[in-house]
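Accompanying notes for the structure given below.
Along the sequence shown, the residues carry numbers beginning at 1.
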Amino acid sequence: RECERLTRDALSAGKCPVIDRCNFDKSQRQKFVSIAKEFSADTLVYCIVLDVDRKECIDRCRRRTGHPTIKPAEATKIISMVASQYKPPKKAGVEG
């Protein structure tokens with residue numbers, strides 16, 4: 001996957017990547033924690049949750065143009081699917 005490759009490239013270059021993705025469950029978040037740990041067991045990983053109303057997410061998605069994977073007409077379907085599968089990260093501890 002492109003995002004995983006770019007994450008490894010950034011870490012290899014000594015940079016601190018920011019992963020801007022939904023990562024709606026533990027297994028998806030764990031992939032990026034594991035990638036970070038490939039470079040150092042001491043790598044710090046933070047998860048920031050932007051808690052935005054579903055309707056607002058749908059409206060923003062509908063207004064977005066040029067997204068590589070989501071068409072405005074698919075906004076309601078895709079946002080609803082992600083919201084139904086979302087499992088928030090734990091407040092303490094690492095999920096990886």
* Do you see a donor-acceptor pair shorter than 3.5 Å between the side chains of Thr69 and His67? -> yes
[atom2] on [Y] to [atom1] on [X], rounded to 0.5 Å:
{"X": "Arg21", "Y": "Lys31", "atom1": "CZ", "atom2": "NZ", "value": "7.0 Å"}
{"X": "Ile58", "Y": "Thr76", "atom1": "CD1", "atom2": "OG1", "value": "4.5 Å"}
{"X": "Ile35", "Y": "Leu11", "atom1": "CD1", "atom2": "CG", "value": "8.0 Å"}
{"X": "Cys3", "Y": "Ile19", "atom1": "SG", "atom2": "CD1", "value": "5.0 Å"}
{"X": "Cys57", "Y": "Ile79", "atom1": "SG", "atom2": "CD1", "value": "5.5 Å"}
{"X": "Ser34", "Y": "Glu4", "atom1": "OG", "atom2": "CD", "value": "10.0 Å"}

* To do: Could you go through the side-chain contact (heavy atoms from CB on, under 4.5 Å) check for Arg60 and Val52 one step at a time?
  => CA-CA 11 Å; Arg60 289 179 186 181; Val52 179; 4.3 Å; yes
* Contacts of type salt bridge (charged side-chain N to carboxylate O under 4.0 Å, His left out), residue Arg8, not counting sequence neighbours -> Glu38
* **Pairing residues for Arg54 by the salt bridge (charged side-chain N to carboxylate O under 4.0 Å, His left out) criterion, not counting sequence neighbours** => none
* **CG (Asp53) with more than 12 external heavy atoms under 6.0 Å** => yes
* With a cut-off of 6.0 Å (strictly less than), are more than 12 heavy atoms of other residues, nucleotides or ligands near CZ of Arg1? -> no
* Lys/Arg-Asp/Glu bridge criterion (N-O < 4.0 Å) met for Asp59, Lys55 -> yes
* Asked: So, are Arg5 and Glu2 salt-bridged, with charged N and O less than 4.0 Å apart?
  -> yes
Would you tabulate the side-chain donor-acceptor contacts of residues 39-51 under 3.5 Å, counting partners in other chains and residues two or more places apart, or write 'none'?
unit_1	atom_1	unit_2	atom_2	d
Ser40	OG	Asp42	N	3.1
Thr43	OG1	Ala36	O	3.3
Thr43	OG1	Ser40	O	3.0

* Asked: Does Cys61 reach the side chain of Ile70, with side-chain heavy atoms less than 4.5 Å apart?
  -> yes
* Asked: Does Met81 share a hydrophobic cluster with Tyr86, counting links as ILVMFWY side-chain heavy atoms below 4.5 Å and allowing steps through other members?
  -> yes
* Structure fact -> Heavy atoms of Asn23 and Arg29 approach each other most closely as O-NH1, 2.8 Å
* To do: Could you tell me whether the side chain of Gln85 and the main chain of Val82 form a donor-acceptor pair under 3.5 Å?
  => no
